[in-house]
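Below you'll find the structure, written out as structure tokens, and then a few comments.
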Amino acid sequence: MGSVLPPDNHVHTQWSWDAPPEASMVRSCEQALAAGVPAVAFTDHLDFTVSADGDRIAAERISPRPYARMRLLDVPGYLATVQECRERFGDLRIFSGAEIGEAHLWGASAQAVADGAGFDRILGSLHAIPFEGRLTPADAMFRRMPTDEVMRRYYAELLRLVEGSDLFQVLAHLDFPRRMWPRTAPPYDERDFEPEIRAVLRALAASDRVLEVNTKSPLASAELLGWWRDSGGTALSFGSDAHQYWRVGDRFKVAVDMAEAAGFRAGRDRFDFWRR
Ligand SMILES: [Zn+2]
Ligand SMILES: [Zn+2]
């Protein structure tokens, strides 16, 4: 019996503000079927640039990220495309969703959108950290301080995200700044940050949520999934974080082997998260 691949619960489409020209929900569905994943969640970016009453970012007087091209998700347009794809690809389970950036700082804004949209899957992400009064992207942080200090600040803020927002179900790409790791810096070693990472994982497990294995380089390790298990974590989500359709389901076989080595398995419902 061949191994069953899990759903790809983290895919971007043309509705994400950072979508490249190749982004396509239709072609992502075709790729999902070709890759053999049973389901796909389209988790386009839900980011905000203007605060509403009740958002902590305003109360704490933090300036939003200065990305001119960042724009609010067009929820009706997005949902219409999801519906078209559901009609066209009957053999594929399609979840609606969103990836919320810094949900603890944008709580009121994000809640209002999520309530209206009825998403199936909501991912929580930390792409930027408050620093000197600005929400600062990780790559800019690396230009300001040593790598270990960036990661300590990142994990501290990640803990605030998990403790400060219950809007999301899955914590995405736990070690996101590694993607921007400076070439001249010593290599990243997660053991250097074990206490900080474990604190995040304990808070996530205590609120009965799900850890993502993100297959956009670099992968989480089996050791990290062991920490997740020790912390009481029971559920895993797999996500390619594809922004180009051809990356849907990318490296899932490697990720599945790693998850199995850490004691996680597909459940009876192949559309569900993996459990242990
Ligand atoms: Zn992300
Ligand atoms: Zn993403």
Side-chain angles (χ1 to χ4, degrees), residues 6-20 22-25 28 31-32 37 39-49 64-65 67 69-75 78 81-82 94-106 110 113-114 117 119-129 135-142 150-151 154-155 157-158 160-162 165 167-181 200 204 209-220 236-252 255:
D8 189 339
N9 283 320
H10 188 160
V11 176
H12 295 272
T13 76
Q14 68 269 29
W15 294 101
S16 282
W17 63 265
D18 64 348
E22 307 86 4
S24 159
M25 197 184 287
S28 295
Q31 177 61 29
V37 297
V40 66
F42 292 119
T43 52
D44 282 307
H45 287 293
L46 182 55
D47 288 312
F48 301 90
T49 55
R65 278 200 281 175
Y67 291 163
R69 66 192 181 120
M70 191 180 269
R71 55 177 165 72
L72 192 59
L73 179 64
D74 174 352
V75 174
Y78 160 86
T81 313
V82 168
I94 299 175
F95 297 116
S96 66
E99 177 182 8
I100 305 177
E102 299 83 40
H104 60 317
L105 298 177
W106 300 100
V113 174
F119 295 124
D120 300 317
R121 295 260 187 275
I122 298 184
L123 313 182
S125 290
L126 187 70
H127 297 115
I129 315 170
L135 201 48
T136 308
D139 50 339
M141 297 290 286
F142 282 128
V150 174
M151 294 313 290
Y154 184 84
Y155 288 124
E157 193 65 27
L158 198 60
R160 281 190 282 271
L161 168 67
V162 172
S165 174
L167 204 47
F168 61 92
Q169 182 183 28
V170 178
L171 181 65
H173 50 50
L174 171 120
D175 45 14
F176 177 72
R178 292 179 63 188
R179 293 188 192 170
M180 285 138 269
W181 200 255
V200 171
L204 192 67
R209 286 187 276 182
V210 183
L211 183 69
E212 178 188 79
V213 175
N214 189 295
T215 67
K216 191 165 168 175
S217 170
L219 282 167
L236 274 190
S237 180
F238 296 81
S240 66
D241 209 350
H243 285 67
Q244 294 92 358
Y245 64 86
W246 61 80
R247 282 206 58 256
V248 173
D250 191 32
R251 303 170 79 194
F252 266 37

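Note that ligands are numbered from 1 as they come in the structure, with each ligand's atoms numbered from 1 the same way.
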**Request:** Assess whether side chain to side chain contact (heavy atoms under 4.5 Å, CB included) is satisfied between M180 and V150, documenting all intermediate values.
**Result:** CA-CA 11 Å; M180 285 138 269; V150 174; over 6 Å; no
**Minimum side-chain heavy-atom gap H12-E99 below 4.5 Å** = yes
**Request:** State which residues pass ring-ring contact (aromatic ring centres under 6.0 Å, His included) with W15; sequence neighbours excluded, sorted by chain then number.
**Result:** none
**Message:** Angle between ring planes, H127 versus F176, binned at 30° and 60°: parallel, tilted or perpendicular?
**Reply:** perpendicular
**Nearest heavy-atom neighbours spanning A172 and L123** = CB-CB, 4.3 Å
**Item:** Geometric class of the F142/W181 ring pair [parallel <30°, tilted 30-60°, perpendicular >60°]
**Value:** perpendicular
**Protein N/O/S neighbour count - the Zn ion (ligand 1), strictly under 2.8 Å** = 3
